[in-house]
Each structure stands twice: as C-alpha cells, then as structure tokens.
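A note on names: the letters A, B, ... follow the listed sequences, proteins ahead of strands, and every chain is numbered from 1. Remember, predicted model here, so these are calculated numbers, not experimental data. Excluded from the calculations below are hydrogen atoms, water molecules and symmetry mates; all remaining heavy atoms, backbone and side chain alike, are included.
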Protein chains: 2
Amino acid sequence: MKSSNPIVDKILTAAKARMVRFGYHKVTMDEIAADLRMSKNTIYLHFPGKIAIAKALVARIKNRINDHQGEIENKEKDPLKIISLNILFLQQELAPWFEFFLKDIQLELPELWQEFVDFRTEKVMELEKLVDVGIKKGKFRQVNPTLAVRAYLGAVNNIINPEILQQEGITFQQALETVMDIWSKGIVKEGKK
Amino acid sequence: MKSSNPIVDKILTAAKARMVRFGYHKVTMDEIAADLRMSKNTIYLHFPGKIAIAKALVARIKNRINDHQGEIENKEKDPLKIISLNILFLQQELAPWFEFFLKDIQLELPELWQEFVDFRTEKVMELEKLVDVGIKKGKFRQVNPTLAVRAYLGAVNNIINPEILQQEGITFQQALETVMDIWSKGIVKEGKK
DNA sequence: CCTTATAATACTAATATAGTATTTTTGGTA
DNA sequence: TACCAAAAATACTATATTAGTATTATAAGG
C-alpha cells in the first residue's frame, strides 16, 4: 500500500469531511481551502482539478477497505460473528459515502460511481458466500442468501444513527447486538409460530 | 380530502417524476414545462415559484398516506401481517423521496425537510406501538420495538430494488415474504442456538 | 536583506437558471 | 373568413455560482 504525501492526505481528508455531508457538487474548492487554512493554489499544486479529488477519494476508500479485509476471518470462527463483523465494518466505511457524495457522483461522474458500486457489490457477494456456507453446513435455515445479507445490511444501516441511539439510550454496540439477535433468531417467540 | 385542479395535479406529477430521480435543485422549471409540453408561463400561472411546488409535493404525499391510513387495521387481525403491510406501504410511498429530493430539501428548504421527517417519525412510532402490543401479549420476544421496526424498515428498503429482484429471479411479493420470514423467525435453525 | 513557499486576495470566464416579457400558434365562434 | 381568447413557443434579463488562474502580501530561513 502506497503511503501518500501528507499534504495530499490532508486535502483529501478535508474534502471528504465536506463531501460526505453535502455531496460533491455543493462543495467548492474555496471551502476546502478555507477549512485547511490553505491557499486554493496549493490545492491545485497537488491536484489537477476537482474531479481528481473525487477520484482520489474513491481510490482511498477502496484501499482502506481492502487493507482491513481478511483480518476478521483469521480471528473469528463462528460464521455468525464473522458475518456480523464484516457487515459492521462495511457499513461503517461505505454507508456515509452513499448519502450525499455518491448521489452527486452518480449524475456527474457516472464512471466513477460505477466503480464504487462494483466494489461494493463485490464485497457484498463475499458476505453472501458466508451465509451460503452456513446453510450448507446446516447451521442456517434455507433462506435466500442474497436477500438475507441485503436485509441485514439495510437493518444495520437504518440503526447506525446517532439520533436513535441517543433516544433509546443505548450504545452503538448494543444496537448492533440487537439487530444481530433479531436477524439470527427472529422476533417471534418460539412455540408461538 | 380536497381534490385539486387537474392542471395543478399534472404539474405536480411531472415535477415529482423528475425530482424523485434527480433532486429538487437539479430539476429546472424548463424541464418540467417541456415534459408537460406546457409553457413555463402556464406553470407560473398556477404556482408562484419553484419553492411552492416543493411544498405542494410534500403536502400531497402526506395527504396520500393519511388517506390510506387505517384501512389495513380493519382488514387484518394478525399483528405480524398488520406490521408487514404497514411497513410495505410506508416504504413504497416514502422511500423514493429520501433518495434525492429530500437530500436537496434538507439543505435548501430545511423547514420543509423537518416537516417531512416529523411526519415519517410519527408513522414509524405507530408501528413501534404495534410491536410493543405484540410483546405485551406474549406473541413477540422481548426486543427493543424501536430497533426492531427500524431494522425491518431498513431491510425492506434494501430489498425493494428492481436489480436485485431481477437478479434473484423473484417477485417483489416473494422478496417481502422472505424479509418478513427472516424478521419473524431469524436465519438460525432451531435447536442450533 | 534576500529568497522561497505559501497564504490572501482578486479576477475571469463560463455556466446555469428562476422568473418575465414578447411573439406565435391554435382552436373555437360568429 | 375574420375575430378572439388562451396557451405554447421563444426570447430575454438579471443574478448567482464557482472552477481555475493571476497577482500581491506575508512570514520564515539563511
């Protein structure tokens, strides 16, 4: 993994901070420079333009996730735990980008958007394989792995939300355990089906 | 429920079609007029401006959902079924707006955004009460109703997706049944816990 | 006090678009 | 045919936005 120029890194970090919140289009080069207390010219010294920043951001997130990949599988043996940790990590890293940044990118830089989506699909498919293995081993019920993973992803996504956590007076970790609990055991009491 | 001018209705329908896909900001009055093969002046005859259209759209969706409210409860008795139908309807009606339109509105017309979010919260809370009743009656396990409903909403949201349905070769209805199945019974085989 | 790097500032040139004004077309009616 | 709305087509204005560049000011090191 190539470690990049620290200034380049600072620029990307500042760009990410804004673009994740407001989208690609609405963030101006002036704002990024102001955040960094850096001249706009200095930014143009390291990047040929705004588009290059978007591309670098996508490259960075892909690297980040790929770097962390595989660590979990070495430490955990329980397939439920492996799935849970993977989904947690994926959602934490990827979800923020979809909210605003990728909505803009989808319209303004469709090739880059496709690259991001393909990457995500690839990662999700790896999770589906894990569920599939669980089914084959007789540990899971005969559910559609794709739908099961998507359902879990959506559920986690909808609960990683500071507002709700605060409102419910629970920690992030507790919320995830609850979702995992529902996903694995369901909400219906046994014997009541 | 007041039935509005048919021209006003046409304008709103055209505006919705675009704004749901591209957001409020990116849709121009010229585009709406072109879609309708109608002069822009005619639009301005019925609406004082673009903002008024956004407000009317929000008002219309609220009316629509409120109108359909309650029908389900009269027809169904099984709480699981009631929850399922309610979540389905809510997600189908509301989810498309969040994708692009509300992202823009959140930044450009925050009061209107708040109105929409409050409305949604209100509806979700009604669902939580249903889960709560299920728990009190001993039909459901002792799960956090808020998280359970959010998890379900997120799961449904992540599966209402033409691409996935096609890829899996299943119908919309089948996908919903799967999600309901997982949500109620979990993915783990009984006796394997 | 000179030099270099970068911050601060100013500028340009292109683009977009809400809203209005004007002209043209159309379809109904006498 | 001639007239007359009403709405479509077209043109225009006025404003805002902002990527990218050029210029000037400032500060730190030698």
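- We find that CZ of A:F22 is positioned 13 Å from P of D:dT18, with the value rounded to whole Å.
- We find that NE2 of B:H46 is positioned 12 Å from P of D:dA6, with the value rounded to whole Å.
- When rounded to the nearest whole Å, the span between CD of A:E31 and C1' of D:dT17 equals 11 Å.
- Atom CD1 in B:I7 sits about 11 Å away from atom C1' in D:dA6, given to the nearest Å.
- For the pair A:K50 and A:Y24, the distance from NZ or CZ to the six-membered ring centre is under 6.0 Å and the angle to the ring normal is within 45 degrees.
- At the phosphate of C:dA7, OP1 or OP2 sits under 4.0 Å from a side-chain N or O atom of A:T42.
- Whole-Å rounding puts the A:M38 CE to C:dT6 C1' distance at 9 Å.
- Rounded to whole Å, the distance from CG on B:L45 to C1' on D:dA9 is 16 Å.
- B:K123 places no side-chain N or O within 3.5 Å of a backbone atom of B:N86 that could act as its donor or acceptor partner.
- Using a cut-off of 4.0 Å between Lys/Arg side-chain N and Asp/Glu carboxylate O, A:K26 and A:D104 are scored as not salt-bridged.
- Side chain of B:S84 to main chain of B:L80: no donor-acceptor pair is present (N/O by atom type, distance under 3.5 Å, no hydrogens or angles).
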Reading 5' to 3' through nucleotides 12-20 of chain C, protein heavy-atom contacts under 4.0 Å coded B for base, S for sugar-phosphate only, - for none: -----SSBB

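- Considering B:R64, B:R120, B:K16 in turn, B:R64 is the only one that fulfils the salt bridge (charged side-chain N to carboxylate O under 4.0 Å, His left out) rule with B:E93.
- Look at CG on A:L36: it is 14 Å from P on C:dT6, rounded to the nearest Å.
- Within the model, atoms CD1 of B:I72 and NZ of B:K81 stand 11.0 Å from one another, a figure rounded to the nearest 0.5 Å.
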